[in-house]
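Working notes, beginning with the structure itself.
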2 protein chains.
Amino acid sequence: MGELDPDMFDPMCPSSALPFRIGDKWTGMVLLCLEGGPRRFTQLQVPLRAVTAKVLAETLRAMIRDGLVERTEFAENPPRVQYALTPLGRSLLPVIAALRAWTRAHLPELLAARAAAHEEAR
Amino acid sequence: MGELDPDMFDPMCPSSALPFRIGDKWTGMVLLCLEGGPRRFTQLQVPLRAVTAKVLAETLRAMIRDGLVERTEFAENPPRVQYALTPLGRSLLPVIAALRAWTRAHLPELLAARAAAHEEAR
DNA sequence: CAGAATCCGTTGCGATACTG
DNA sequence: CAGTATCGCAACGGATTCTG
């Protein structure tokens, strides 16, 4: 299991225009980051460098509370913490796949409609 | 095509705990309201009586802008306006079905985890 | 390393009142 | 009937600084 691709989330992609969201703003991306296996806090921060540590920690805590993610703390020095998907969290991956399928098929159409409406308003 | 069921959205259902959202807070419910055919503003307000007219109008405008809904105004007195799903809006219905399937299968588990975490915190 | 604490701006949303 | 206008607030999320 290698490192996460720093560019697995293209900052130029119009994801902010998506008509759906999983949990809070970053929950869906965290799920994708953990799809390939457990990760550490700093590993998540590589592709998610647009998120502050505070918000990432909040996101993870909410996911733990909802049983989507499991946190494991190792009594080492320096401290090491691992985040992994639970079966419940993993059950959301097919849902994400369905949302991405819709996005691939229809998001350009939505963006075109939005751009046209924007044009009209000038 | 009859009237919308006033109780098609149970105010006691834990939908606010859903880990996903379509568009803004009420977008998904509007899509469901329009699934059975075109509706008028006041018809939407029956099952969506928890939404103020302002917010419902904002929601509809955003959906129109994104090409999900088509608005038709009839030059009558009193005025009559009709909202209908576009093909693009209709393409979201299977997505909603997938989200509902996940909810039926897994939401109780999520709520249980949340309740357990809440218990733990006392 | 893995956060916590604090501060603060923006946005979403609701309540209320009014209108063509 | 089908909205708009105005107000206000609470929640979300970002920036910055600090810590075991």
Side-chain angles (χ1 to χ4, degrees), chain A residues 3-4 9 11 15-31 33-34 38-66 69-84 114 121, chain B residues 3-4 6 9 11 15-30 33-34 38-66 69-84 114 121:
Chain A
E3 294 299 309
L4 292 173
F9 302 116
S15 58
S16 61
L18 283 185
F20 19 68
R21 257 179 58 185
I22 311 268
D24 284 336
K25 185 170 182 184
W26 305 99
T27 305
M29 296 189 197
V30 171
L31 283 169
C33 285
L34 296 178
R39 302 289 178 182
R40 311 178 49 171
F41 193 84
T42 28
Q43 286 183 303
L44 296 175
Q45 284 191 301
V46 173
L48 297 177
R49 56 194 175 282
V51 199
T52 63
K54 173 207 164 197
V55 172
L56 180 56
E58 285 172 356
T59 302
L60 287 167
R61 252 185 286 131
M63 297 177 76
I64 291 162
R65 165 179 56 79
D66 287 349
V69 163
E70 187 185 20
R71 191 189 118 116
T72 312
E73 197 172 336
F74 297 93
E76 301 173 359
N77 201 304
R80 185 162 67 92
V81 176
Q82 198 177 65
Y83 296 92
R114 186 177 293 186
Chain B
E3 294 299 309
L4 291 174
F9 302 117
S15 58
S16 61
L18 282 185
F20 19 68
R21 258 182 54 187
I22 311 267
D24 285 336
K25 185 170 181 182
W26 306 101
T27 305
M29 296 189 196
V30 171
C33 285
L34 296 178
R39 303 288 178 183
R40 312 176 50 168
F41 193 84
T42 29
Q43 286 183 304
L44 296 176
Q45 284 190 302
V46 174
L48 297 176
R49 56 194 176 282
V51 198
T52 63
K54 174 207 165 197
V55 172
L56 181 56
E58 284 171 357
T59 302
L60 288 167
R61 260 199 311 258
M63 295 175 77
I64 292 161
R65 166 179 54 81
D66 288 349
V69 164
E70 187 185 20
R71 192 189 115 117
T72 313
E73 197 172 337
F74 297 93
E76 302 175 358
N77 200 307
R80 186 163 67 94
V81 176
Q82 196 177 67
Y83 295 93
R114 187 177 291 185

Could you list, one pair per line, each protein nitrogen or oxygen that sits under 3.5 Å from a nitrogen or oxygen of nucleotides 18-20 of chain C, together with the distance?
none

Set out, line by line, the N/O atom pairs under 3.5 Å between protein and nucleotides 4-10 of chain C.
residue	atom	partner	partner atom	Å
C:dA4	OP2	A:Arg61	NH2	3.0

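Not counting sequence neighbours, B:Tyr83 has no partner by the ring-ring contact (aromatic ring centres under 6.0 Å, His included) test. Here B:Thr72 pairs with B:Phe74, B:Gln82 under the side chain to side chain contact (heavy atoms under 4.5 Å, CB included) rule; sequence neighbours left out. B:Arg61 pairs by the side chain to side chain donor-acceptor pair (under 3.5 Å) definition with nothing, not counting sequence neighbours. With sequence neighbours excluded, the residues satisfying side chain to side chain contact (heavy atoms under 4.5 Å, CB included) with B:Ala17 are B:Leu111, B:Arg114. Evaluation of the side chain to side chain contact (heavy atoms under 4.5 Å, CB included) rule for B:Lys25 yields B:Arg21 as partners, not counting sequence neighbours.
In this structure, CZ of A:Arg80 is placed 11 Å from C1' of C:dC1, rounded to the nearest angstrom. Nucleotide C:dA15 holds its C1' atom 16 Å from the CG atom of B:Leu56, rounded to whole Å. Here C:dC1 presents its P atom at 16 Å from CZ of A:Arg71, a figure rounded to the nearest Å. Counting to the nearest Å, the C1' atom of C:dG3 and the CD1 atom of A:Ile64 are 12 Å from each other. Here the P atom of nucleotide C:dC1 and the CD atom of A:Gln45 are 9 Å apart, to the nearest Å. For the pair A:Gln43 CD and C:dG3 P, the computed distance is 13 Å after rounding to whole Å. Residue A:Glu58 contributes atom CD, which lies 18 Å from atom P of C:dA2 at whole-angstrom precision.
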Scan the side chains in residues 41-54 of chain A for donor-acceptor partners under 3.5 Å anywhere in the protein, sequence neighbours excluded, and list what turns up.
residue	atom	partner	partner atom	Å
A:Gln43	OE1	A:Arg40	N	2.9
A:Gln43	NE2	A:Glu3	OE1	3.2
A:Gln43	NE2	A:Glu3	OE2	3.2
A:Arg49	NH1	A:Pro6	O	2.5
A:Arg49	NH1	A:Val46	O	2.9
A:Arg49	NH2	A:Pro6	O	3.4
A:Arg49	NH2	A:Asp7	OD1	2.9
A:Thr52	OG1	A:Val55	N	3.4

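Taking five base pairs at each end of the helix from C:dC1-D:dG20 to C:dG20-D:dC1, the local helix axes there meet at an angle of 50°, rounded to 10°.
Rounded to the nearest 0.5 angstrom, A:Thr59 OG1 and A:Leu56 CG are separated by 6.0 Å. We find the CD1-CE distance between A:Ile22 and A:Met63 to be 9.5 Å, quoted to the nearest 0.5 Å.
Residue contacts for B:Phe74: at a heavy-atom cut-off of 4.0 Å it reaches no nucleic acid atom on any strand shown.
In terms of phosphate contacts, A:Tyr83 brings no side-chain nitrogen or oxygen within less than 4.0 Å of OP1 or OP2 of C:dC1.
Listed in residue order, the members of residues 20-28 of chain A having a heavy atom less than 4.0 Å from DNA chain D are A:Arg21, A:Asp24, A:Lys25, A:Trp26.
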| query | Hey, mind stepping through A:Leu60 and A:Arg71 against side-chain contact (heavy atoms from CB on, under 4.5 Å) and telling me if it holds? | reply | CA-CA 9 Å; A:Leu60 287 167; A:Arg71 191 189 118 116; over 6 Å; no

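Extent of DNA chain D lying under 4.0 Å from chain A heavy atoms, first and last nucleotide in 5' to 3' order, is D:dG13 to D:dG20.
Nearest-nucleotide assignment on DNA chain C puts the 5′-proximal partner with A:Thr42, out of A:Thr42 and B:Thr52.
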